[in-house]
2 protein chains.
Amino acid sequence: MSQTVDRALSILPLLAEGPADLGQVADRLGVHKSTALRLLRTLHDHGLVYRQSDQRYRLGARLFALAQEAMENLDVREIAHPHLVRLGEACGHTVHLAVYEEGEVLYIDKVDSRYPVRMYSRIGKPVAITVAAVAKLLLADLPEPERRAVAESLDYPLYTARSTPDAAAFLKELATVREQGWATDLGGFEESINCVAAPIRGADGRVVAAMSVSAPNVVVTADELLTLLPLVRRTADAISDEYSGRTPVTDPAKDTA
Amino acid sequence: MSQTVDRALSILPLLAEGPADLGQVADRLGVHKSTALRLLRTLHDHGLVYRQSDQRYRLGARLFALAQEAMENLDVREIAHPHLVRLGEACGHTVHLAVYEEGEVLYIDKVDSRYPVRMYSRIGKPVAITVAAVAKLLLADLPEPERRAVAESLDYPLYTARSTPDAAAFLKELATVREQGWATDLGGFEESINCVAAPIRGADGRVVAAMSVSAPNVVVTADELLTLLPLVRRTADAISDEYSGRTPVTDPAKDTA
DNA sequence: ATGGCTGTTGCATGTTGTGCAACGTGCCTG
DNA sequence: CAGGCACGTTGCACAACATGCAACAGCCAT
């Protein structure tokens, strides 16, 4: 591991606590002032550190820009896909990945047990938003005014007798889902199809996508499907960790004391 | 400037474009793979870089955390936020807060009328510096040599027919803005969007931030938007007072209406 | 003025980062 | 199934580069 870079990077969390001057930085790094100066200058040239008018240093603006750009280039689907495939192989049912966008919920990936191939044909199709388990999770995480606005602007078609009947019922269901952190669709769209779903969250905790496992009654009962919930949630959490760049276990030997 | 650190930091913007593998990083840095490996490892140990399951590298979670903390250390934002929210509720339009740093102008807070949530997603994005009302205010306050230097180093993209065409026009506009103490952007970035902006000043009178109200033509005409100017200026002044410690009322809930 | 404090510079030293070459491994191709 | 290729990884010798020292320069307070 590169010592120089190590020292330089150690400055960042230090400055995150608040602005500091050269002497403080040098002290806390345990290096000479001139060394700290050169490190800070390099950080400064890259915009990671900003020198305010009182000559003290603080974290710089480029940090935002970097985080921002990285977020935009993050592809949930790319990261999620291998996890979905593994889940599909493990449980043998259909796995979906969906996102919310502009009042709609869209499937962006699908893995079927028998043919673990992306079925682009289905991807992009709008989801039955009032009943699908993934839709409930995605809508449940919206800020209250938008959630309400969306819920009230929707149609509530009665696909089956168990479909969500109206906005009031839907909002109540969303509250439950938000509370428990997972969702189901038990015959709300097709009488014979059940789903369990779990949310995928970004670094800030907001739900960026949702995934579900679906199976027809003739294969497994709803109760049997529900036994898969822990596995689904674990998969979703694994995707969340990877998506948000939290390294779950890189080196099991090392641990921060 | 430290070469090693310089190289290591150059990796960050590179990864911000999207995930890359070791070879690509080494190539774009112009160094040996083993060198790139050690740099990446160091970055990884600090959590700035994350290694996803396909072994490619991308920016890591610590970076987001740092950006977050850096933003929270900007006390202007903290002080301004409640004022911005109140203004947003009062006028119903989008409110922005921006600062100048190292030749760039960036949004550090945003309040939208319908969804009064911090939209981190937009924050950090570089502002259209040659046309945005807030950018004019921030640049107008720079010391003359720097203002000139920045103005002449900029590109002047013609977003619309009303965009600032060149450095000369920009400097002239800055002089006007500096004189009158407020600024507008009338369709200079998007044909249908207008803004009015006012400066936030520190105790020494220097502009530390700028805020604006933006609205599309279809909602209010430019003339109607201009009637909000007194309100915007009053809000900016209230923030200035509080920021500079000259807070007339200790109760931040009450505001001059 | 003058002392102490801070940030800054030039330079000799040796620590540290570097590139090379060789190894291991997984994947695709013949 | 074997072979080859591409990629990540390791150990090492060399010298480039980061380091700390000492001396300089500005600034404020005494």
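Bear in mind the structure is a predicted one, so any value in this text is a computation, not a measurement. Sequence lines set the chain letters: A, B, ... in the order given, protein chains first and strands last, and positions in each chain run from 1.
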Peer 1: Return the orientation label for the B/F170 and B/Y156 ring planes: parallel under 30°, perpendicular over 60°, tilted otherwise.
Peer 2: perpendicular
Peer 1: Side chain of A/T4: nearest nucleotide among C/dG17, C/dG19, D/dT9?
Peer 2: C/dG17
Peer 1: Closest to the A/Y57 side chain: C/dG19, C/dT8, D/dG20?
Peer 2: C/dT8
Peer 1: Side chain of B/S34 only, please: which of D/dT9, C/dC20, D/dC21 is the nearest?
Peer 2: C/dC20
Peer 1: Remember a base hit wins even if backbone is also touched, and classify B/R56 as base, sugar-phosphate or nothing at under 4.0 Å, heavy atoms.
Peer 2: nothing
Peer 1: Any N or O donor-acceptor pair linking the side chain of A/S2 to the base of C/dG17 at under 3.5 Å?
Peer 2: no
Peer 1: Given that A/D21 and B/A36 both sit by DNA chain C, which one's nearest nucleotide is further toward the 5' end?
Peer 2: A/D21
Peer 1: Nearest of D/dT19, C/dT18, D/dC21 to any side-chain atom of A/T35?
Peer 2: D/dT19
Peer 1: By nearest atom, which of the nucleotides D/dG20, C/dA21, C/dT6 is closest to the A/K33 side chain?
Peer 2: C/dT6
Peer 1: With distance as the sole criterion, is a donor-acceptor pair present between the side chains of B/H96 and B/D109 under 3.5 Å?
Peer 2: no
Peer 1: Between C/dG17, C/dT6, D/dT19, spot the one nearest the side chain of A/L39, thanks.
Peer 2: D/dT19
Peer 1: OP1 or OP2 of C/dG10 less than 4.0 angstrom from a side-chain nitrogen or oxygen of A/R38, does that happen here?
Peer 2: no
Peer 1: Has B/R51 got a side-chain N or O lying under 4.0 Å from the OP1 or OP2 atom of D/dT9?
Peer 2: yes
